[in-house]
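Report on one structure; see the data block that follows.
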Amino acid sequence: MEEKKILYTKDPYKELLVFASENQCEVEELDFRLLSFNTSYTYDNQEWIKANEKELKIFEEDEKFLIQNLNIKQEYKIEIFFKKMAHLQEFDISLQTNEFCTLLKANVKPKDSIAFYDKLALELLEAIYKAMIKEKFLLGFRNFDFKKQIIDFNAKVKEKQKFDFEVEFEVSKGLDPQEPTNEEIKFHYLDKLKKHNDVMNRNYVAPIGKDEVAIEKIKPKEGSDGKDLRFKILKALPPKSNKDKVICSDKFEIKEDDESVKYIAKKDGFIIQRKSIYEIENYLEFNKVDFKSTGSIWAGFDKQVIIVIKNTNTLEDAIGPRITVEAQELEVVGNMAQDSVLRGKKVILKGNMHHKSTIIGQKVDVNILRGYCQAQELNVETLENGVIRAKKVNIKKAVGGEIIADEVYIQELVGNCICSAKSLIHIEKIQGSGNKLMIQDLKAFGEEKSGEEILVHIDELQKEQENVAKEIEDVKHTIQVSKDSVRILQQKAKELLSAKRAVPQAYKATIKDFNQKVESLSILSNKIETLKEEEKASVEKLKQIQEELLKSKIINKSGKWLDLNEVKFHLLNPRKELSYHPNNEERIQCFTLEKVETEEGVSAYEIQSISNYKEKVDDSSN
């Protein structure tokens, strides 16, 4: 009986059967080692060219791999032996391919935990190769970075000192067929409307900007064939055609290349289709805008679109419920329903707002404001319990409501208004009570933080500094109590290395943890310094804002007051609130904030009232 046999073969598993028959044993008792393999290829099945693994890399070029007549064969040098006569590491290996057999993966896990040894990676590679031979896959063919994956795996196991986990390798890759480019029409101008996740949106108006690609007709292009790992050609599907025509007016520029035909807008506006011809318009007029007739309209802030909506029927709304209308200029004659929104650079509303409706714009004019309005400049005939955030506000009559602005001008203030301004509140006459007039650095909108936001930020910075300081003390204590023992471990590790002996993992872990603590202390120290600098800069910013508050004014031009009105100034540094309640017997035209020096040399702030105030031109230029 032969104990082992070395031979060359094209089918090692067949040779196992032959060897078992010759030696009158069971094939299950046998195994083989893969000693080497050689590869030959041909394009005509006549002249065969031998290639080593390095030379096989030419087939990682898709053009070489796709050659129709390519044929490859491999021969293996193996050693057959009895399993009981050798100790082999046992791996569970499963090979998996994708649907088209253009990707081969090997999933590997040890049957038992394996301690790291020098030849582990080589034996694992051999085990994968043997599984590939059994499944008729070529070795060393279109492997790309497979061996790098093996090297990375080996480094990981070496660091861990054992192999006790599951790992997956990408072994070989064929070539998927490249999909064809179908002939299609892309309506780019409609894609922008998809960002409005609004069930009320019906794409009634699609905005377009000058020089933007509105429509594109993609030309058909053939795909390319692929090939799987068993050398089967994977045919690409033919491209689909689209016979629809695109006809545009002279408001579009047409650019054509090998890929597509592009229709580019020559001007801002919105696109409509009139008698199958695409056109760009700038002006739209409606009787009403609601879900049934148009849906929401998103024409864009900057597309030079003017939308006019006129509905004088008092029994129905010009803007329906839950409808948004956005355009550069909007003029609405009629009423806004609940949850409706107007957005534009210039907005005019000649009608009523529902208290749950919204207007957002730069320059806004409103007849009766009951809902929410945000604007750079706002002109209101009557404010009725609405909410305003603006830079500058002009109101003829205010009957309840909330205002936050830089400057506020009110001709007639009736009652129950909360008015917060950054620099000026100017009132012609006060007709009622329950009004709160406040000067404070509340920002209507924008990116820069307001004074109130800076105060909150300073509080947050101080709390964070306290937490970091506590963390620093904890780390310092840990370093102090452990530094002597770590120094001893470092010396022992140095001695072991000098003696070319392995340093215990526990030593390494303790020293590493100590070094991380030292590094952490440095990071925390830098962090607390950064927080202090940020706090200092925020306090300086507060001081600047407070100086500006000294220039602010609350003016009642008539000088007459009714009881139960309140004037307030909110200080930031120090954080303090000053208030004054004028009564109907007083004549005060102006309130200002005054900075005074106390006998102790400390700055204090007081409200100064002026009975006869002579206005400067700037105070009333509304």
Heavy-atom side-chain proximity of [X] to [Y] below 4.5 angstrom:
X      : Y      : value
Lys595 : Glu547 : yes
Pro239 : Thr181 : no
Gln589 : Asn556 : no
Asn352 : Arg370 : yes
Lys527 : Glu464 : yes
Asp268 : Gln328 : no
Leu571 : Leu578 : yes
Ser433 : Asp563 : no

So, taking the atom named [atom1] in [X] and the one named [atom2] in [Y], what distance separates them when rounded to the nearest 0.5 Å?
X      : Y      : atom1 : atom2 : answer
Ile425 : Met438 : CD1   : CE    : 8.0 Å
Asp317 : Asn311 : CG    : CG    : 8.0 Å
Glu384 : Asn367 : CD    : CG    : 11.0 Å
Ile403 : Leu378 : CD1   : CG    : 9.0 Å
Ile554 : Leu437 : CD1   : CG    : 5.5 Å
Ile348 : Glu331 : CD1   : CD    : 5.0 Å

Counting neighbours of [atom1] on [X] that are heavy atoms of other residues, nucleotides or ligands and sit closer than 6.0 Å, is the number greater than 12?
X      : atom1 : result
Phe100 : CZ    : no
Lys266 : NZ    : yes
Lys568 : NZ    : yes
Lys267 : NZ    : yes
Lys346 : NZ    : no
Lys345 : NZ    : yes
Lys303 : NZ    : yes
Glu99  : CD    : no

Could you list the donor-acceptor pairs under 3.5 angstrom formed between side-chain atoms of residues 210-222 and any protein atom two or more places apart in sequence or on another chain?
residue : atom : partner : partner atom : Å
Glu212  : OE1  : Lys192  : NZ           : 2.0
Glu212  : OE1  : Gly209  : N            : 3.2
Glu212  : OE2  : Lys192  : NZ           : 3.2
Glu216  : OE1  : His188  : NE2          : 2.8
Glu216  : OE2  : Ser260  : OG           : 2.7
Lys217  : NZ   : Asp244  : O            : 2.7
Lys219  : NZ   : Glu256  : OE2          : 2.7
Lys219  : NZ   : Asp257  : O            : 2.8
Lys221  : NZ   : Glu259  : OE1          : 3.0
Lys221  : NZ   : Glu259  : OE2          : 3.1

Under the rule for ring-ring contact (aromatic ring centres under 6.0 Å, His included), what residues qualify as partners of Tyr263, not counting sequence neighbours? none
Could I get the full list of ring-ring contact (aromatic ring centres under 6.0 Å, His included) partners for Tyr605, not counting sequence neighbours? none
Test item: Ser293 side-chain N/O and Val289 main-chain N/O as donor-acceptor pair under 3.5 Å: no
Heavy-atom donor-acceptor pair, Asn435 side chain to Cys417 backbone, under 3.5 Å: yes
Run Lys532 and Glu535 through salt bridge (charged side-chain N to carboxylate O under 4.0 Å, His left out) and show every step you take. CA-CA 5 Å; Lys532 286 177 180 178; Glu535 181 187 358; over 6 Å; no
Which residues share a side chain to side chain contact (heavy atoms under 4.5 Å, CB included) with Glu412, sequence neighbours left out: Lys397, Val414, Lys429, Gln431
Does His354 form a side-chain contact (heavy atoms from CB on, under 4.5 Å) with Ser340? I'd like the steps, not just the answer. CA-CA 8 Å; His354 189 278; Ser340 60; 5.8 Å; no
Is there a side-chain contact (heavy atoms from CB on, under 4.5 Å) between Ile439 and Leu593 once you walk through the steps? CA-CA 9 Å; Ile439 293 291; Leu593 190 63; over 6 Å; no
Just do the salt bridge (charged side-chain N to carboxylate O under 4.0 Å, His left out) check on Glu548 and Lys551 with the steps written out, would you? CA-CA 6 Å; Glu548 291 297 315; Lys551 302 174 186 176; 3.4 Å; yes
Can you give the donor-acceptor pairs under 3.5 Å from side chains of residues 270-279 to other protein atoms, not counting sequence neighbours?
residue : atom : partner : partner atom : Å
Arg274  : NH1  : Glu281  : OE2          : 3.3
Arg274  : NH2  : Glu281  : OE2          : 2.9
Glu279  : OE1  : Ser249  : OG           : 3.4
Glu279  : OE2  : Ser249  : OG           : 2.9

Between Ser423 and Glu407, does a side-chain hydrogen bond (donor to acceptor under 3.5 Å, both in side chains) hold up when you go through it step by step? CA-CA 6 Å; Ser423 58; Glu407 300 176 22; 4.5 Å; no
Considering all heavy atoms of both residues, which atom of [X] and which atom of [Y] are nearest to each other, and what is their separation?
X      : Y      : result
Pro582 : Trp561 : CG-CE3, 3.4 Å
Leu234 : Leu175 : CD1-O, 4.0 Å
Ile545 : Gly451 : CD1-CA, 4.0 Å
Ala327 : Val305 : CB-O, 3.6 Å
Ile280 : Ala265 : CD1-CB, 3.6 Å

So does Lys463 pair up with Glu460, basic N to acidic O under 4.0 Å? no
Can you tell me which residue pairs pass the salt bridge (Lys or Arg N to Asp or Glu O under 4.0 Å) test with a partner in residues 584-593, sequence neighbours excluded? none
Could you please spell out the steps behind the salt bridge (charged side-chain N to carboxylate O under 4.0 Å, His left out) verdict for Lys541 and Asp441? CA-CA 12 Å; Lys541 182 66 177 174; Asp441 193 64; over 6 Å; no
If you apply the rule side-chain hydrogen bond (donor to acceptor under 3.5 Å, both in side chains), what do you find for Lys288 with Asn313, and how did you get there? CA-CA 10 Å; Lys288 61 181 177 179; Asn313 186 344; over 6 Å; no
Would Asp225 and Lys235 count as a salt bridge (charged side-chain N to carboxylate O under 4.0 Å, His left out) here? Give the steps. CA-CA 5 Å; Asp225 295 343; Lys235 287 289 185 182; 3.3 Å; yes
Step-by-step side-chain contact (heavy atoms from CB on, under 4.5 Å) determination, Leu369 to Ile395: CA-CA 10 Å; Leu369 199 158; Ile395 302 172; over 6 Å; no
